[in-house]
Amino acid sequence: MNELFKNEMKTILKDEYDDFIQSLQKPPVKAFYLNPLKKDCLHYFNQDAISPHPVVPDGYYFDYEKYPLGKSPFFSCGLYYIQEPSAMLVAHFLDIQKDDYVLDMCGAPGGKSCAVASRLGPQGLMITNDINTLRAKILSENIERFGLKNTIVTNCDPIQFTKILPEFFDKIILDAPCSGEGMFRKDEQAITTWSPEKVQECAYIQRQLIDQAMQLLKPGGTLIYSTCTYNTKENEEQIKYILERYDCCLKPLKRSHGMANGIGLDGVVRLYPHHYQGEGHFIACIQKNGQSVSKKYKPMKPHISKQNQKLVDEFYQKYLNIPTPDYLYDNHNHIYALMPQFPDLQGIRVLRNGLYLGECKKNRFEPSLALALTLTQKDVKQFYRFHENDDEIKQYLHGEAIQGSNHKGYGVIFVEDYPLSFYKESQGLAKNLYPKGLRR
Ligand SMILES: C[S@@+](CC[C@H](N)C(=O)[O-])C[C@H]1O[C@@H](n2cnc3c(N)ncnc32)[C@H](O)[C@@H]1O
C-alpha cells in the first residue's frame, strides 16, 4: 500500500489506524437487496445463509462462499441485486417518493439505479446514465433484469442534460468516479492504481459533475453525493464547495451502527470497515433551496408505423392477457413502451427507452427478454412453471430447448412465480429464446 495513503489514513483515523489496517486483512462482506417488484420472494432464500441489514429494510448480508447467489436462477429473474452493503445506504438515504423524477449521473453497473427505480411508482421517472459505453451496456442489462418500465438508460457526458433539462429533477444521485480508497479490501487493482495525482484528477472531475448536478436539480430538490474513498478532497471539501457556491443546505443523515461523522463537517456519513460491516464509503445529502415548481418540458413523442403497430397488437392479442401499451416508440423496428412523462432526449445517446418490447422483423413480432421479465402468470396465455433447482431450468439457462406439450407459439418460463424468459413452442418442444450472451 502506498506510504502517502497510509500517512493520510493515520492523520484521519489517529489511534484507530491499526484497527483499520487489521480490518483490511479480513474478507469483504457481501449483501443483496430485494426487488420490490417481485412480491413475496423472501421465503425462497436459504434463511441460514442470510441475515438482515441493520438499516436497509430489504437488504440482507449473505455468505457468498456457502451460498453463491449470483448463480441462482432467481438472480436471472431479477429477484435481487447483489451490492456492497455500504453502497446500499445511498439509495436508502435518498427518501424516494413514488412520483419523483430521478437522475443517476454515473449509474453503471446500476446498484443504486435499480434500488431507486424499483421503488418509484408509474408516475415516477428514472434516467440512469454512464459515460463509459461498455459500463452503460451492463447498466442497461441490469435495468432489464430488474423488470423496470419507468427507466431510460443513456450513455453520455451528463453536461448534455444541462442543455435540455435544467432544474428538471427532484432527486439526483452523484455516485462519483473516485480514487477508490474504500475498495482496497475488495479490489486489489484499486491499491495499484491509487496515487495522489489520481485523487486530484478525480476531485477535478467530481467538481464538474457537481456543477452540472446543481444546474439539473429542481429548487427544493435533493442531491445525494457519494464516493468510495476516504480523503477529504473528494468528500467534505466537495460538500463545503457546494454549500458555499450554491443556494442550498445540508440535510443531516441519521447515523447508526458504526457510521462515523464527517471530518470538520457534521451531518455526513463516513463508513470504515473497522466500524461498519461493509467497505469504505462517504455519503452526503444536499437540498437546493426554493420552491419546487413543475417545469414545462418537451415530452418524448410516441411513434410507430401502422404495420408494426399491427404486428405488436397481434402478438399481445394472441399470447398475452394484457393490452398493448399506449405509448409505443419504434426505433428501426425495435419497439419500446414509453411512459407519458418521459422527456424528449434529443441529441443524447439513449440505450434503453423505457421497456424494450421486442423487434418487428420479417412480418412478425419477436418479444424481448425485457418484456418477459415484467410479466405475471396471469398476464400470459401459455407458461411453464418450475422450481429453482429443476433440471429444466438448468437446461434452459444453458441454452437448451425443453420438453413442451402440444401447444404452439410463445409462452413464458417461470421459476416459481417469477418470469425468466420467453420460449417458442412447436412439435412438442419449447425452443430456447434466452439471449445467447446470458446463457450459462
Ligand atoms: C462509482 S461508479 C458508479 C457506481 C454506480 N452508481 C452503482 O451503484 O452501481 C462511477 C461511474 O462513473 C462513471 N463516470 C466516470 N466519469 C464520468 C462522467 N464524467 N460522467 C458520467 N459518468 C462518469 C464511470 O464509468 C463509473 O461507471
Side-chain angles (χ1 to χ4, degrees), residues 30-33 35 56 59 70 80-94 96 102-119 126-146 148 151-163 169 171-184 186-187 189-190 193-194 198-216 223-230 234-235 238 271 278-284 348-351:
K30 281 207 178 178
F32 66 91
Y33 62 79
N35 181 349
V56 179
Y80 49 89
Y81 194 106
I82 297 175
Q83 192 183 35
E84 198 280 293
S86 301
M88 224 175 249
L89 289 174
V90 176
H92 172 70
F93 279 136
L94 197 51
I96 282 299
V102 187
L103 172 67
D104 190 348
M105 296 174 79
C106 308
K112 284 138 200 137
S113 291
C114 285
V116 169
S118 58
R119 281 156 181 84
M126 159 63 79
I127 299 182
T128 179
N129 175 68
D130 205 278
I131 202 167
N132 179 309
T133 303
L134 213 67
R135 289 179 63 87
K137 284 189 180 145
I138 297 168
L139 169 63
S140 186
E141 280 175 16
N142 280 326
I143 296 296
E144 170 174 84
R145 193 171 57 79
F146 242 54
L148 297 167
T151 303
I152 302 174
V153 181
T154 60
N155 170 214
C156 70
D157 185 326
I159 199 163
Q160 286 189 256
F161 289 109
T162 60
K163 295 174 199 141
F169 295 98
K171 309 265 161 77
I172 294 183
I173 304 168
L174 175 46
D175 186 32
C178 71
S179 59
E181 293 159 0
M183 289 293 120
F184 282 7
K186 201 180 141 192
D187 180 5
Q189 221 195 345
T193 57
W194 186 92
K198 187 170 177 187
V199 172
Q200 293 294 354
E201 196 185 309
C202 289
Y204 176 77
I205 297 170
Q206 289 154 3
R207 207 43 84 86
Q208 290 179 324
L209 290 166
I210 284 169
D211 287 333
Q212 291 158 13
M214 293 310 285
Q215 288 177 60
L216 291 165
L223 166 70
I224 197 141
Y225 177 86
S226 58
T227 70
C228 54
T229 209
Y230 300 117
E234 297 180 68
N235 294 324
Q238 303 290 31
L271 300 164
E279 307 311 305
H281 232 78
F282 172 88
I283 310 172
I348 286 182
R349 183 161 190 251
V350 176
L351 297 189

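Note that ligands are numbered from 1 as they come in the structure, with each ligand's atoms numbered from 1 the same way.
- For the pair Asp104 and Lys112, the salt-bridge criterion is not met [side-chain N within less than 4.0 Å of a carboxylate O].
- When side chains are defined from C-beta on, Leu209 counts as touching Cys106, because their heavy atoms get closer than 4.5 Å.
- Residues Asn35 and Tyr81 form no side-chain contact, since every pair of their non-hydrogen atoms from C-beta on lies 4.5 Å or further apart.
- The only option from Lys198, Glu234, Glu201 that meets the side chain to side chain donor-acceptor pair (under 3.5 Å) definition with Ser179 turns out to be Glu234.
- If you check the side chains of Thr227 and Asn235, you find a donor sitting under 3.5 Å from an acceptor.
- Between Tyr33 and His92, every side-chain heavy-atom pair lies at or beyond the 4.5 Å cut-off.
- Among protein residues, Met105, Cys106, Gly107, Ala108, Pro109, Gly110, Gly111, Lys112, Asp130, Ile131, Asn132, Arg135, Pro158, Asp175, Ala176, Pro177, Leu209 come within 4.0 Å of ligand 1, judged on heavy atoms.
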